[in-house]
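Notes follow the structure.
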Amino acid sequence: MPPNTSAEHQAGIATRVWSLAWPMILANLSVPLLGLVDTAILGHLSDSRYLSAVAISTSLLAFLYWGFGFLRMGTTGASAQLLNKPKDANALLLKAAALSLVIALLIWIAGLALSNLGLQLMNTPDSLLDLARSYLHIRLFSAPAVLCTYVIVGWLIGRQQTRWPLIIAVTTNGVNIGLDWLFIIGLDMSSDGAALASAIAEYCGLLIGLWAVRRAIIANLHQGLRYSWQYGPALKQLLNSNIHLFIRTAALLFSFAFFTAQGATFGEATLAANAILLQLMLVSAYGMDGFAHAAEALIGDAFAQGKRGELTRICLCCARYCFATAVVASVLLWLGEGRILDLMTDIDAVRLMASAHYGWLILLPLLCAPSYLLDGIFIGALKTQAMQWSMLASVMLIYLPVWLLSKELGNHGLWLSFCAFNLARSLSLSLVFKSSILKPLS
């Protein structure tokens with residue numbers, strides 16, 4: 001083998017990683033940027049109740065929507081491992097989409113029935129109940145669009161077609177931002193306007209997604225849906241492989257909901273400040289997730305073919321990119337603190353509270369980066385049980401105990417426990433990486 005072959009091969013992997021990652025980075029960044037726009041618009045209204053109500057309601061929606069993020073993650077891993085089996089991949093899309101619509105119907109029914117209970121569990125102040133409930137009910141109507149789009153995006157990532165998710169995300173969030181200005185500023189609809197803008201935009205995103213996978217849909221229709229159903233993983237197998245992702249995601253969302261609920265006990269200003277800082281954290285998180293998505297697609301294919309060397313090189317390449325992104329994110333957050341907070345709110349009490357806790361935000365990208373990348377690696381290999389136990393251990397053995405021990409520190413104690421939780425996620429997945437990912441290929 002010529003001496004430069006290995007270097008050329010590594011450069012080829014880097015090119016593949018970047019070609020898959022950059023559309024997902026832009027697509028992912030558009031999601032928290034949308035949240036930042038919502039937060040900034042509501043944060044500049046005269047009453048902070050609107051921002052606080054949306055913060056609480058979106059935490060509940062995270063349970064109802066993001067809790068079923070396994071539809072995206074599980075579909076990505078399975079689709080990546082079926083890269084060279086188009087009929088099986090098309091059938092996977094059909095089954096996952098059908099499952100998403102059934103779950104969406106259940107979410108809509110349960111969400112309307114249990115919204116009051118959920119708001120009570122979130123320690124929602126009486127002054128915010130009506131606003132939060134109204135926002136929640138409007139957003140629930142978009143459940144079919146949200147979950148079906150999860151499946152479509154996951155399938156496209158697994159097929160290494162990451163530019164379509166970018167188009168879907170940019171369209172959805174562009175429509176949402178435009179409607180935010182119309183409904184909140186133009187029509188003075190406050191938090192209800194933010195909810196309606198999001199619901200309409202999510203259906204626009206679904207239409208784009210259906211167009212992106214039209215060939216797979218046509219292929220399934222051409223050979224008959226009943227016949228197509230016989231290809232790909234069985235629905236039972238799809239459910240079994242994703243139950244671990246469901247539990248893992250539910251635990252992750254609990255961590256965010258717990259954070260929001262505890263922040264609410266410190267008052268509306270603290271709740272609003274925490275909402276701003278979490279949105280800023282998501283900007284860096286979604287940026288780093290672009291490389292995790294690239295890992296999902298490439299690791300799934302390499303793992304299915306038993307290519308240990310290829311898999312290792314992909315992991316190392318994605319790790320370098322992810323770490324560099326984390327460092328850049330922390331530096332930019334540090335340098336831009338004043339301007340960023342001025343952009344997010346002009347409510348003095350909220351800004352002062354956000355500034356007092358801003359140091360935790362600067363630290364978070366460095367603590368979270370390994371867990372984001374390892375999530376992508378484990379999803380691509382469909383090693384979802386390890387992800388489940390890692391998340392549960394991080395919540396039960398680190399997050400909650402640290403919070404109990406640091407409660408006297410108030411909101412700083414809450415941020416300390418949240419940072420410790422994210423560090424635990426990174427360390428626990430690192431400890432089982434070799435046995436879960438590399439050992440099966442030995």
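In this structure, CG on L94 lies 9.5 Å from CD1 on I217, to the nearest 0.5 angstrom. Here F291 contributes atom CZ and L20 contributes atom CG; the two are 11.0 Å apart, rounded to the nearest 0.5 Å. Of the inter-residue distances, the one linking T171 atom OG1 with I208 atom CD1 reads 4.5 Å to the nearest 0.5 angstrom. Atom CG of L364 is separated from atom CG of L423 by 10.5 Å, given to the nearest 0.5 angstrom. To the nearest 0.5 angstrom, R159 atom CZ is 9.0 Å from L92 atom CG. Note that CZ of R72 and CH2 of W155 are 15.0 Å apart. Values are rounded to the nearest 0.5 Å.
The main-chain N or O of C368 is found under 3.5 Å from a side-chain atom of S371 such that the two form a donor-acceptor pair. Of the possible polar contacts, one joining the Y399 side chain to the S255 backbone as a donor-acceptor pair under 3.5 Å is found. Looking only at distances, no side-chain donor or acceptor of T75 sits under 3.5 Å from a matching main-chain atom of V151. A donor-acceptor pair under 3.5 Å is absent between the side-chain atoms of S390 and the main chain of M387, judged by distance alone. Side chain of Y372 to main chain of G290: no donor-acceptor pair is present (N/O by atom type, distance under 3.5 Å, no hydrogens or angles). With hydrogens and angles disregarded, a donor-acceptor distance shorter than 3.5 Å links the side chain of N220 to the backbone of N90. Between the E296 side chain and the G77 main chain, no donor and acceptor come within less than 3.5 Å of each other.
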Given the rule in the side-chain contact (heavy atoms from CB on, under 4.5 Å) test, do I13 and E310 qualify, once you have shown the distances and angles that lead to the verdict? CA-CA 9 Å; I13 290 175; E310 182 87 356; 4.3 Å; yes

Dump the intermediate steps for side-chain contact (heavy atoms from CB on, under 4.5 Å) on L382 and F303, then the final yes or no. CA-CA 9 Å; L382 287 180; F303 192 87; over 6 Å; no

Assess the residue pair F421 and M391 against the criterion (side-chain contact (heavy atoms from CB on, under 4.5 Å)); give the C-alpha distance rounded to whole Å, side-chain angles, the decisive distance to 0.1 Å, and a yes or no. CA-CA 9 Å; F421 158 69; M391 185 64 70; 3.7 Å; yes

Evaluate M288 against L373 for side-chain contact (heavy atoms from CB on, under 4.5 Å), listing each step before the verdict. CA-CA 8 Å; M288 288 182 284; L373 177 59; over 6 Å; no

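Of all the heavy atoms in W108 and L140, the pair that sits closest is CD1-O, 3.4 Å. The shortest non-hydrogen separation linking L147 to A104 is CD1-N, 3.7 Å. Nearest approach of L101 to C148, heavy atoms of both residues: CD2-CB, 4.5 Å. Taking each heavy atom of S428 and S394 in turn, the nearest pair found is OG-OG, 3.8 Å. Contact record, G74 with L245: N-CD1, 3.6 Å, taken as the closest heavy-atom pair. Smallest separation of non-hydrogen atoms from A369 and A326: CB-CB, 3.8 Å.
Defined by atom type and a distance below 3.5 Å, a donor-acceptor pair is present between the side-chain atoms of S198 and N176.
For F323, the CZ atom counts as loosely surrounded, since its 6.0 Å shell holds 12 or fewer non-hydrogen atoms of other residues, nucleotides or ligands. Residue W360 places its CH2 atom among more than 12 non-hydrogen atoms of other residues, nucleotides or ligands, all under 6.0 Å distant. Enclosure of atom CZ in R214 by more than 12 non-hydrogen atoms of other residues, nucleotides or ligands within 6.0 angstrom is indicated.
Ion pairing between R425 and D375 holds under the 4.0 Å rule for side-chain N and carboxylate O.
Annotation: cation-pi pair R16/W18 absent, no NZ/CZ under 6.0 Å from the ring centroid and within 45° of its normal.
Put simply, the side chain of L210 reaches to within 4.5 Å of the side chain of I152, judged on heavy atoms. Counting heavy atoms from C-beta on, the side chains of S426 and L367 never come closer than 4.5 Å. With contacts defined as side-chain heavy-atom distances shorter than 4.5 Å, the pair L400/F254 qualifies. Side-chain atoms of L374 and S430, non-hydrogen and from C-beta on, do get closer than 4.5 Å to each other. Put simply, the side chain of S436 reaches to within 4.5 Å of the side chain of F378, judged on heavy atoms. The shortest side-chain heavy-atom distance between T172 and C204 does not fall under the 4.5 Å cut-off. The shortest distance between side-chain heavy atoms of I379 and T384 does not fall below 4.5 Å. Contact of the N274 side chain with the W415 side chain is registered, since non-hydrogen atoms from C-beta on lie closer than 4.5 Å.
Centroid-to-centroid, the aromatic rings of F418 and F256 come within less than 6.0 Å.
Among T162, I168, V213, the single residue meeting the side chain to side chain contact (heavy atoms under 4.5 Å, CB included) criterion with V153 is I168.
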